[in-house]
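Remember, it's a predicted structure, so these values are computed and weren't measured experimentally.
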Amino acid sequence: MFLSTFDIFKIGIGPSSSHTMGPMVAAGMFLDDLRKSHFTPAGLRASLHGSLAFTGKGHATDRAVALGLSGFLPDTYDLNEAERALEKLADAKTIRVDGLPPMKFDPVNDLVFDYEIRLPRHANGMILFATDAQDDVILQETYYSIGGGFVRTEGDYTKISEPVAEVDFPYPFENAAEMLQMAGESGKSIGDMMLANERRLRSSPEIDEGVKRIWDVMNRCIERGLETGGVLPGGLGIKRRSKAIMDRLKQEHGTNIAAPHIINDWISVYAMAVNEENANGGQVVTSPTNGAAGVIPATLKYFLEHVPTAWTGKIPEFFLTAAAIGGLMKKNASISGAECGCQAEVGSAAAMGAAGLCAVLGGSPSQVENAAEIALEHHLGMTCDPVKGLVQVPCIERNGLGAIKAVSAASLSLRGDGTHFVSLDACIETMRQTGEDMNEKYKETSLGGLAVNVPYC
């Protein structure tokens with residue numbers, strides 16, 4: 001199964017791809033099903049389960065569901081319009097969307113956080129209901145938000161798929177070993193193989209425009225984060241630090257007080273700026289998730305702003321290479337914190353960023369694979385334990401350190417010839433096994449780790 005660059009990198013909203021974007025997408029899917037049905041709905045209800053229940057308040061899942069049922073989608077989301085829609089909904093307790101009759105929906109009473117029932121397929125489960133005028137359920141669907149904004153229905157897990165014409169991709173690698181073998185046989189880079197695959201789905205101009213938009217959104221997100229101060233929402237009282245840090249870095253730039261290791265602060269501040277925007281509900285790009293959205297923009301920003309040989313023509317190669325690695329991790333393990341902890345989010349992002357940076361710095365396919373392995377290996381076992389369920393502590397700083405690891409891993413791999421002891425495939429499988437064995441309280445439920453050892457009230 002080929003995962004496109006534009007499946008891995010999706011434009012959406014904060015604070016979470018699995019807890020905000022996914023539920024909003026699921027709500028939109030439910031509206032589409034209602035429009036296609038023969039039913040006449042009079043009301044809507046929703047229940048959140050597992051991690052969506054435990055950290056749903058902190059991740060704005062209730063807000064995302066209400067907005068999704070009101071017709072909002074992540075890639076066209078407008079914050080001001082969303083606020084107005086929520087105000088109207090709070091007053092009228094009625095949803096009005098194109099193609100459907102007015103439907104009663106009270107976010108306070110019709111959206112339930114069910115902490116007792118965990119749905120069987122995934123930790124991020126939700127059920128949406130449509131009711132008739134007598135309040136009887138006429139349509140319901142179970143959805144699972146599986147990370148990175150991807151959504152599956154209960155039916156996706158159980159139905160026997162009808163045969164479909166598969167796209168004949170020229171480089172259909174399923175793991176890193178196949179990827180390296182195909183690169184060796186073809187003489188192509190990993191990015192070039194990904195580009196050849198993408199061309200079976202989109203034209204070259206469409207690919208170019210898509211990559212450009214991804215970077216534009218990422219870069220604008222960095223800039224907004226670096227220009228904005230204040231306190232993040234949610235009740236922890238966390239101050240936004242990126243602007244103050246950047247102001248000091250600019251003052252020190254070019255002076256004799258700037259030690260060489262200060263480059264780590266530049267890398268960190270780019271990542272933190274993104275994740276402060278994410279925590280504030282701003283527009284970000286899943287990379288591969290919202291919780292890890294700062295690592296890859298920071299790594300690419302470091303390349304463009306601080307590497308003397310950098311040029312913007314390398315941006316597509318960076319994203320194509322990073323997406324190849326992200327696809328392997330999603331297919332063979334997970335990119336979901338609710339499944340495998342933060343090793344699957346920031347760890348995956350660091351591996352992707354390391355691979356992309358290594359590629360644009362001239363690394364061979366084996367060096368790129370080595371860079372990804374180094375970055376992922378040294379995130380193995382990392383738990384997901386957001387304080388108060390907010391994507392703030394430890395998530396914002398963790399992205400900064402993930403970006404530093406990505407740059408270090410790329411640099412270290414370029415010092416070798418690509419041969420190494422632990423393969424990327426072995427590392428990905430280890431992440432999968434570790435996530436499977438990890439206690440549930442360390443997988444985005446906020447029932448363990450920092451989430452219970454740091455007082456916030």
Side-chain angles (χ1 to χ4, degrees), residues 173 175-177 179-184 186-194 258-268 270-271 287 292 294-311 313-326 328-329 343 346-382 398-431:
F173 49 84
N175 52 54
M179 180 181 72
L180 291 178
Q181 181 181 351
M182 292 179 188
S186 66
K188 291 182 177 293
S189 69
I190 293 169
D192 285 341
M193 292 193 297
M194 278 292 289
H261 64 260
I262 297 302
I263 190 60
N264 288 332
D265 296 344
W266 286 90
I267 298 169
S268 290
Y270 296 145
S287 313
V295 174
I296 287 171
T299 306
L300 182 53
K301 186 79 166 178
Y302 160 78
F303 171 71
L304 294 173
E305 299 290 337
H306 300 275
V307 176
T309 58
W311 63 296
K314 288 284 189 179
I315 291 175
E317 182 180 8
F318 179 94
F319 282 117
L320 289 163
T321 306
I325 302 302
L328 295 181
M329 287 184 289
Q343 59 175 352
V346 171
S348 294
M352 293 165 63
L357 181 60
C358 183
V360 298
L361 291 174
S364 66
S366 59
Q367 288 173 317
V368 168
E369 184 259 1
N370 187 199
E373 182 277 324
I374 293 170
L376 181 60
E377 180 180 346
H378 299 290
H379 282 90
L380 290 177
M382 182 176 284
R398 189 169 282 177
N399 274 258
L401 273 293
I404 289 171
K405 285 186 182 181
V407 173
S408 297
S411 181
L412 190 59
S413 70
L414 288 167
R415 296 292 181 181
D417 61 4
T419 58
H420 52 105
F421 189 75
V422 179
S423 70
L424 177 58
D425 286 330
C427 205
I428 292 173
E429 173 59 15
T430 301
M431 178 173 72

Which pair of non-hydrogen atoms, one from Ala271 and one from Ala403, has the smallest distance, and what is that distance? CB-CB, 4.4 Å

Would you name the heavy atoms of Ile404 and Ser268 that are closest together and state the gap between them? CD1-OG, 3.3 Å

Which atom pair, heavy atoms only, marks the closest approach of Ala324 to Ile190? CB-CG2, 3.6 Å

Could you go step by step and tell me if Ile315 and Leu304 meet the side-chain contact (heavy atoms from CB on, under 4.5 Å) rule? CA-CA 9 Å; Ile315 291 175; Leu304 294 173; 4.0 Å; yes

Close side-chain approach of Tyr270 and Leu300, heavy atoms under 4.5 Å: no

Enter the distance from Cys427:SG to His379:NE2 here, rounded to the nearest 0.5 Å. 11.0 Å

Output for pair (Leu424 CG, Ile325 CD1), nearest 0.5 Å, gives 5.5 Å

Heavy-atom nearest pair, Gly353 first then Phe318, reads O-CE1, 3.9 Å

Using 0.5 Å steps for rounding, measure from the CH2 atom of Trp266 to the NZ atom of Lys301. 10.0 Å

Give the minimum heavy-atom separation between Ala372 and Ala351, together with the two atoms involved. O-CB, 3.4 Å

Between the CG atom in Leu412 and the NE2 atom in His420, the distance rounded to the nearest 0.5 Å is 11.0 Å

Ala406 and Thr299: which non-hydrogen atoms are nearest, and at how many Å? CB-OG1, 3.8 Å

Please test Phe303 against Val407 for side-chain contact (heavy atoms from CB on, under 4.5 Å), starting from the C-alpha separation and ending with a verdict. CA-CA 9 Å; Phe303 171 71; Val407 173; over 6 Å; no

For a side-chain hydrogen bond (donor to acceptor under 3.5 Å, both in side chains) check, start with the C-alpha distance between Asp417 and Thr419, then their side-chain angles and the critical distance, and finish with the verdict. CA-CA 6 Å; Asp417 61 4; Thr419 58; 2.6 Å; yes

The side-chain hydrogen bond (donor to acceptor under 3.5 Å, both in side chains) partners of Glu373 (sequence neighbours excluded) come to none

Nearest 0.5 Å, what's the NE2-CD1 distance between His306 and Ile267? 7.5 Å

Without placing hydrogens or testing angles, list every side-chain donor-acceptor pair under 3.5 Å for residues 357-365, not counting sequence neighbours.
unit_1 : atom_1 : unit_2 : atom_2 : d
Ser364 : OG     : Ser366 : OG     : 3.1
Ser364 : OG     : Gln367 : N      : 3.2
Ser364 : OG     : Gln367 : OE1    : 3.4

Using only atom types and a distance under 3.5 Å, with no angle test, would you say the side chain of Thr430 pairs donor to acceptor with the backbone of Ala426? yes

Sequence-distant partners of Ser186, side chain to side chain contact (heavy atoms under 4.5 Å, CB included), two or more places apart: Tyr171, Lys188, Met193

Partners passing salt bridge (Lys or Arg N to Asp or Glu O under 4.0 Å) against Lys405 (at least two apart in sequence or in another chain): none

Distance from Leu180 atom CG to Asn370 atom CG, nearest 0.5 Å? 10.0 Å

Glu377: partners by salt bridge (Lys or Arg N to Asp or Glu O under 4.0 Å), with sequence neighbours left out: none

Candidate pair Val368 and Ser413, rule side-chain contact (heavy atoms from CB on, under 4.5 Å), full reasoning: CA-CA 7 Å; Val368 168; Ser413 70; over 6 Å; no

Applying salt bridge (Lys or Arg N to Asp or Glu O under 4.0 Å), name anything that partners Lys314, two or more places apart in sequence or on another chain. Glu317

